[in-house]
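These notes concern the structure reproduced below.
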Amino acid sequence: MTYQEKKSIVSIISAILIFGVYCAYKAARYPAEGFRPAEAYRYWGMFVLVLMVVSIVAHIVIGIAFNIVFRATTGEKEPAFADELDKLIELKAHRNGFVVFILGFLLAMGSLAAERPIQTMFVILIAAGFVSDVTGSATKLYHYRKGV
């Protein structure tokens, strides 16, 4: 497997683990009783903000650890440049991830229009962010394996 394929696999696994562990942690602290609207906005706002920070920091740490382990096991450095194929695959991955997120955003706004609870909108947005991250990494893996 190439460096890019391995990096995509690590990215998919890390996204799943980060999201799963964080959601399990927050689920244990979810209030048993119903929220007042102001409490719901605060809870879900903090959920999203902390998830973003935790995800960014964890992805950086995992990326650094991956490069260290990759170099130690193979003796190769990370590729110093990206050729046209790498750029094209990156663009396709970003496009697919953005499309998934935009569809999730529209679904979340539709849940508000359908007068669903505010929690529904936040859950859909959070899930759309997670699925878009995994979709982008899976797109990279697919195109590095099968070609463009």
Side-chain angles (χ1 to χ4, degrees), residues 1-30 35 40-148:
M1 271 198 279
T2 65
Y3 171 83
Q4 290 87 356
E5 289 173 325
K6 291 176 185 176
K7 189 173 180 180
S8 295
I9 291 170
V10 168
S11 181
I12 291 169
I13 293 169
S14 66
I16 292 169
L17 287 176
I18 292 164
F19 185 76
V21 169
Y22 182 75
C23 286
Y25 170 78
K26 289 300 280 188
R29 283 149 183 77
Y30 189 80
F35 282 128
Y41 297 142
R42 185 178 190 293
Y43 176 84
W44 288 106
M46 289 300 294
F47 186 101
V48 171
L49 288 175
V50 173
L51 176 60
M52 285 181 5
V53 170
V54 166
S55 181
I56 290 169
V57 170
H59 276 294
I60 290 170
V61 170
I62 290 169
I64 292 169
F66 170 75
N67 284 330
I68 291 169
V69 170
F70 180 80
R71 188 166 188 181
T73 57
T74 64
E76 300 174 21
K77 290 184 179 179
E78 173 185 356
F81 67 93
D83 61 8
E84 293 298 319
L85 178 65
D86 292 330
K87 291 176 183 177
L88 183 60
I89 290 172
E90 187 77 23
L91 285 172
K92 287 180 182 265
H94 283 301
R95 179 200 60 200
N96 291 350
F98 289 149
V99 165
V100 168
F101 184 76
I102 292 301
L103 291 174
F105 178 81
L106 292 174
L107 185 61
M109 294 304 110
S111 73
L112 287 179
E115 298 180 1
R116 304 300 312 156
I118 194 77
Q119 290 88 337
T120 305
M121 182 210 56
F122 279 108
V123 168
I124 293 170
L125 281 176
I126 292 165
F130 166 69
V131 173
S132 72
D133 186 15
V134 172
T135 299
S137 296
T139 299
K140 285 181 194 175
L141 179 62
Y142 174 80
H143 284 299
Y144 276 116
R145 289 235 163 164
K146 301 292 182 185
V148 178

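Looking only at side-chain heavy atoms (C-beta outward), Glu5 and Thr2 come within less than 4.5 Å of each other. Counting only heavy atoms from C-beta outward, the side chains of Lys77 and Phe70 never approach each other to under 4.5 Å. Under the 4.5 Å side-chain criterion, counting only non-hydrogen atoms from C-beta, Phe130 is not in contact with Leu51. Within the 4.5 Å cutoff, side-chain heavy atoms of Pro117 are placed close to those of Thr120. Side-chain contact between Glu76 and Arg71: absent, with no pair of heavy atoms (C-beta onward) separated by less than 4.5 Å. At least one side-chain heavy atom of Asp86 sits under 4.5 Å from a side-chain heavy atom of Asp83.
Interatomic distance, NZ of Lys7 versus CD1 of Ile12, reported as 13.0 Å (0.5 Å rounding). Note: Phe101 CZ to Leu103 CG = 11.0 Å, rounded to the nearest 0.5 Å. Rounded to the nearest 0.5 Å, atoms CD1 (Ile16) and CG (Asp133) are 9.5 Å apart.
For the pair Val134 and Ala15, the tightest heavy-atom approach, listed with the atom from each and the gap, is CG2-CB, 4.2 Å. Scanning both residues, Ala128 and Gly104, for their nearest heavy atoms gives CB-CA, 3.6 Å.
Side chain of Ser8 to main chain of Gln4: a donor-acceptor pair is present (N/O by atom type, distance under 3.5 Å, no hydrogens or angles). Counting only distance, with no hydrogens or angles, the side chain of Ser132 and the backbone of Gly129 share a donor-acceptor pair below 3.5 Å. The main-chain N or O of Phe47 is found under 3.5 Å from a side-chain atom of Tyr22 such that the two form a donor-acceptor pair. For Ser111 (side chain) and Ala108 (main-chain N/O), a donor-acceptor pair under 3.5 Å exists by modelled atom type.
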>> As a quick check of understanding, evaluate side chain to side chain contact (heavy atoms under 4.5 Å, CB included) for Ile62 and Ile18, giving each step before the final call.
In response: CA-CA 11 Å; Ile62 290 169; Ile18 292 164; 4.1 Å; yes
> side chain to side chain contact (heavy atoms under 4.5 Å, CB included) between Tyr43 and Lys26: does it pass, once the steps are laid out?
Replying inline: CA-CA 10 Å; Tyr43 176 84; Lys26 289 300 280 188; 4.0 Å; yes
> Can you check side chain to side chain contact (heavy atoms under 4.5 Å, CB included) on Phe19 and Ile126, steps first, answer last?
Replying inline: CA-CA 10 Å; Phe19 185 76; Ile126 292 165; 3.4 Å; yes
> Hey, mind stepping through Met109 and Leu112 against side chain to side chain contact (heavy atoms under 4.5 Å, CB included) and telling me if it holds?
Replying inline: CA-CA 5 Å; Met109 294 304 110; Leu112 287 179; 4.2 Å; yes
Report, one line per pair, each donor and acceptor closer than 3.5 Å where one atom sits in a side chain of residues 88-95; sequence neighbours left out.
unit_1, atom_1, unit_2, atom_2, d
Glu90, OE1, Lys140, NZ, 3.4
Glu90, OE2, His94, NE2, 2.9
Glu90, OE2, Lys140, NZ, 3.4

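A donor and an acceptor atom, one from each side chain of Asn96 and Thr139, are located under 3.5 Å apart.
Counting heavy-atom neighbours within 6.0 Å of Phe66 CZ, excluding the residue itself, gives a total above 12.
With sequence neighbours left out, Asn67 forms a side-chain hydrogen bond (donor to acceptor under 3.5 Å, both in side chains) with Tyr3, Glu78.
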